[in-house]
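Just so we're on the same page: letters track the sequence lines, and every chain starts at 1. Treat the numbers as computed from the prediction; the structure is a model and nothing was measured.
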Protein chains: 4
Amino acid sequence: MAPLNENQLEQIRHERKEQIMSAALQVFADNGIKLTKISTIAKAAKISHGLIYHYFSSKEEVLYESLQWATAVNTSINFLEELGEDDLSPSEKIKKFVLYAFSSTSSTSSYVFRIIQNLDNKEDTPQEIKDYVDSLGTMYINFLTPLIKEGQEYGEIIQEEPEELVGIFLTTLSGVIADDITFWQENTERKVEILLRMITTR
Amino acid sequence: MAPLNENQLEQIRHERKEQIMSAALQVFADNGIKLTKISTIAKAAKISHGLIYHYFSSKEEVLYESLQWATAVNTSINFLEELGEDDLSPSEKIKKFVLYAFSSTSSTSSYVFRIIQNLDNKEDTPQEIKDYVDSLGTMYINFLTPLIKEGQEYGEIIQEEPEELVGIFLTTLSGVIADDITFWQENTERKVEILLRMITTR
Amino acid sequence: MAPLNENQLEQIRHERKEQIMSAALQVFADNGIKLTKISTIAKAAKISHGLIYHYFSSKEEVLYESLQWATAVNTSINFLEELGEDDLSPSEKIKKFVLYAFSSTSSTSSYVFRIIQNLDNKEDTPQEIKDYVDSLGTMYINFLTPLIKEGQEYGEIIQEEPEELVGIFLTTLSGVIADDITFWQENTERKVEILLRMITTR
Amino acid sequence: MAPLNENQLEQIRHERKEQIMSAALQVFADNGIKLTKISTIAKAAKISHGLIYHYFSSKEEVLYESLQWATAVNTSINFLEELGEDDLSPSEKIKKFVLYAFSSTSSTSSYVFRIIQNLDNKEDTPQEIKDYVDSLGTMYINFLTPLIKEGQEYGEIIQEEPEELVGIFLTTLSGVIADDITFWQENTERKVEILLRMITTR
DNA sequence: TATGAATGAGTCTTCATTCAT
DNA sequence: TATGAATGAAGACTCATTCAT
């Protein structure tokens with residue numbers, strides 16, 4: 001049999017990495033970072049644990065690349081961008097955003113939330129990852145802040161310092177997602193409506 | 001020289017145990033159970049790791065006794081009872097309860113919340129501790145449910161299935177406490193008011 | 001380069017396990033079970049201590065499997081069966097049996113004896129191992145009892161309750177083997193003849 | 001109350017030491033040396049573990065002094081001397097000696113046997129204790145050898161090199177005592193008679 | 001590229017020994 | 001003399017990482 005050519009190899013490399021990162025995200029989210037064993041990721045990705053070290057230099061790199069990949073691919077980003085262009089009222093956009101955050105279809109996104117949760121206030125988190133988390137947070141803030149302001153103009157959102165509202169709301173959101181997202185995945189719509197009452201006028 | 005008498009020994013034992021449990025609560029809360037090292041607790045309590053095993057038979061027992069102690073000392077229980085007798089409207093009582101949960105004087109309470117957080121959905125949690133967590137949850141539910149119902153009669157609380165409201169509210173509360181309580185300890189009153197909007201009428 | 005195929009791996013695993021069990025038997029026999037350090041077994045087997053846990057789940061399992069393996073390999077069993085068919089008088093068979101028990105080729109057998117020694121009357125011995133020891137004892141009893149009876153009919157063996165004779169003889173045998181088998185490995189034949197005088201007629 | 005005077009203190013010191021050594025012998029015999037915990041000895045002696053270090057500098061010293069004390073007090077030595085003067089035939093003396101070794105009344109002596117057993121072939125035994133064991137062995141050899149020779153003259157004992165007979169016999173004896181002395185404590189007389197058949201003519 | 005055998009640093013736990021009282 | 005609190009060295013076991021094939 002002829003050896004694989006360069007393209008095919010590249011193809012395999014690519015598939016394998018995604019296979020690993022996809023498995024890693026879930027495992028990291030389920031068990032936390034330190035408690036995640038390389039061997040568990042390997043099992044989830046149906047490969048040998050040794051192979052992971054062909055594609056990543058360490059557990060931390062698996063984590064970091066997986067997070068980046070999740071953000072790029074699964075793209076909360078894309079979602080946010082599209083949402084920005086939707087023809088909805090500010091509070092409806094916020095609701096859609098929350099629904100999205102809770103949705104299991106966007107499970108990767110929930111993985112990312114839960115992983116980030118786990119990172120917070122751990123002093124041994126590598127700077128790279130901290131930076132990533134910060135940038136992600138900033139992204140959400142940058143998305144929500146104008147919506148809140150707009151909503152306030154429309155009278156849909158209560159009159160409070162917008163930055164503070166965003167802070168309270170995102171803090172709450174990330175708290176409950178990290179805590180037990182499954183609770184919010186039953187009866188989601190109703191629960192989200194109640195959650196939103198925090199900041200809406202009616 | 002005469003050995004210490006029983007009183008003095010009892011005194012030392014008592015101090016030492018509290019010293020350990022107090023340190024343990026914080027360390028467990030910060031790092032999660034599995035990731036908490038006995039040596040870290042020892043360092044935090046400024047004793048040698050060996051000594052912990054004079055007072056507790058295992059890491060798990062440290063955890064269990066610490067939780068019990070926190071509940072007893074920090075006495076959510078007493079607080080809840082007194083609050084029940086206060087001359088306040090239902091929604092005011094709920095507010096006071098949330099303020100208490102966030103208060104730094106009851107910082108142990110935040111530790112307990114965060115520890116419990118960490119236990120959930122881990123299948124290897126010892127039954128004893130699961131039972132403890134359940135009983136604590138029940139206590140809060142039993143406290144909150146009648147207040148919610150009463151509040152609904154007064155028209156202060158929105159008309160939703162009370163059990164579901166309690167669920168959503170406690171889930172949110174425990175989520176945000178576990179996530180990052182310090183956020184809620186600045187400007188607490190204002191933030192709590194916003195949080196309460198979830199369930200109060202306008 | 002291609003990874004090792006299943007056969008080669010099986011080969012390595014097999015070798016390694018035997019290497020470990022062989023070392024373990026000796027170390028357990030020399031030091032007793034509790035006092036045997038995994039690291040000592042590892043050193044004796046010229047591997048790292050970590051590797052032992054690839055092949056066995058705990059010190060106890062090393063012990064248990066090693067005992068089983070020793071019995072299977074060293075095949076007292078086969079020996080006993082063949083001996084049963086030999087064309088010798090009962091007392092000659094018993095003598096051959098004792099010589100075999102002392103023989104250095106069957107030195108593993110001395111390890112097993114010494115290990116069993118160490119287990120007796122320890123209440124924390126796992127049931128599995130107790131069962132194994134019992135079954136081994138039964139095997140020897142079942143072999144010896146008919147020989148003793150036959151010998152008594154031939155007038156070669158003294159007239160005592162056969163069960164008691166077997167008990168005394170096996171107890172003595174296991175005691176001396178466990179104590180210091182090397183003593184019996186010089187001048188074995190003569191010493192065994194003297195030992196056998198316990199139960200033979202003049 | 002007046003403080004204790006020098007004599008009384010000396011008295012207490014003496015009692016305490018014996019209390020400890022007596023407990024230690026049994027505990028060492030039951031559990032082996034390394035596996036014996038100071039705390040177990042302390043419990044058996046009904047004192048605190050700290051106190052042991054007032055009387056002995058280390059676990060090993062407890063062991064060593066206890067052995068010496070057992071030999072001196074309980075005095076196999078005295079027994080042997082008296083036995084030497086008894087008006088019995090050589091083989092009867094040997095029998096009496098074996099019965100004594102097995103007797104539970106002389107339990108201390110059985111302790112010593114079992115402890116010594118445990119020491120053998122352990123390379124980390126302190127020289128002091130090795131010397132003690134050797135001297136004890138020599139004592140038994142010196143006692144038995146003339147009896148064997150005498151017995152051979154009387155025709156009671158088989159004609160073999162006396163030194164070798166003594167060796168075989170003592171080796172067997174120490175083996176079975178170390179193995180499971182309780183077995184020999186039922187029906188002792190009959191069992192001992194059978195054991196003696198090894199070296200006797202009838 | 002892919003596998004899993006092999007290593008060793010790190011964590012819980014036990015226990016001899018020390019020491020304040 | 002007597003007690004038991006306190007310490008830390010040592011041993012079982014886990015798991016990230018390396019490496020031969």
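- A side-chain donor from one of E15(B) and Q11(B) sits under 3.5 Å from a side-chain acceptor of the other.
- Taking atom CD1 on I52(D) and atom P on dG4(F), their separation rounds to 13 Å, with Å as the unit.
- Summary of the strand contacts: T40(B) and E6(C) both lie near DNA chain E, and taking for each the nucleotide with the nearest heavy atom, the more 5' one is attributed to E6(C).
- If you measure from atom NE2 of H49(A) to atom P of dT3(E), you get 11 Å, rounded to the nearest angstrom.
- D131(D) meets the side-chain contact (heavy atoms from CB on, under 4.5 Å) test with Q127(D); sequence neighbours excluded.
- Atom CD of E15(D) is separated from atom P of dA2(F) by 10 Å (rounded to the nearest Å).
- Y64(C) is linked by a side chain to side chain donor-acceptor pair (under 3.5 Å) to nothing, counting only residues two or more places apart in sequence or in another chain.
- For N5(C) and dT21(F), the CG to P distance is 14 Å, given to the nearest whole Å.
- In the model, E18(A) has no side-chain atom that pairs as donor or acceptor with a side-chain atom of S22(A) under 3.5 Å.
- Rounded to an integer number of Å, the gap from H14(A) NE2 to dT1(E) C1' is 17 Å.
- Between R16(C) and dA5(E) there is no side-chain polar atom (N or O) within less than 4.0 angstrom of OP1 or OP2.
- Of all non-hydrogen atoms in A70(C) and V112(C), the two that sit nearest each other are CB-CG2, 3.6 Å.
- Of the residues near DNA chain F, K46(B) and L9(B), the one whose nearest nucleotide (by heavy atom distance) lies more toward the 5' end is L9(B).
- In this view, E60(A) satisfies the side chain to side chain donor-acceptor pair (under 3.5 Å) rule with no residue, not counting sequence neighbours.
- Here the P atom of nucleotide dT7(F) and the CG atom of L51(B) are 6 Å apart, to the nearest Å.
- Annotation: proximity of residues 19-29 of chain C to DNA chain E (heavy atom, distance under 4.0 Å) is found for no residue.
- Residue-level contact check: T36(C) touches the backbone only, with heavy atoms under 4.0 Å from sugar-phosphate atoms and none from bases.
- For E65(A), the salt bridge (Lys or Arg N to Asp or Glu O under 4.0 Å) partners are K17(A), not counting sequence neighbours.
- Counting to the nearest Å, the P atom of dT1(E) and the CZ atom of R13(A) are 5 Å from each other.
- Scanning DNA chain E for stems, defined as runs of 3 or more consecutive Watson-Crick or G-U wobble pairs whose donor-acceptor distances all fall under 3.5 Å, gives the following ranges: E:2-21 with F:2-21.
- Here Y53(C) pairs with nothing under the side chain to side chain donor-acceptor pair (under 3.5 Å) rule; sequence neighbours left out.
- Comparing dA16(E), dC12(E), dA6(F) by their nearest atom to the side chain of K37(B) picks out dC12(E).
- Under the side chain to side chain donor-acceptor pair (under 3.5 Å) criterion, K34(A) pairs with D124(A), not counting sequence neighbours.
- In this structure, K59(A) has no salt bridge (Lys or Arg N to Asp or Glu O under 4.0 Å) partners at least two apart in sequence or on a different chain.
- Checked against dC13(F), dT7(F), dT17(E), the side chain of I38(D) finds its nearest nucleotide in dT17(E).
- Within residues 53-66 of chain C, the residues approaching DNA chain E are H54(C), Y55(C), by heavy-atom distance under 4.0 Å.
- When the C1' atom of dA5(E) is taken as reference, atom NZ of K17(C) falls 14 Å away, rounded to whole Å.
- Scanning for salt bridge (Lys or Arg N to Asp or Glu O under 4.0 Å) contacts around R13(B) gives E6(B), E10(B), with sequence neighbours left out.
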Review item, side-chain donor-acceptor pairs of residues 41-51 of chain D, under 3.5 Å, at least two apart:
| unit_1 | atom_1 | unit_2 | atom_2 | d |
| --- | --- | --- | --- | --- |
| S48(D) | OG | L51(D) | N | 3.4 |

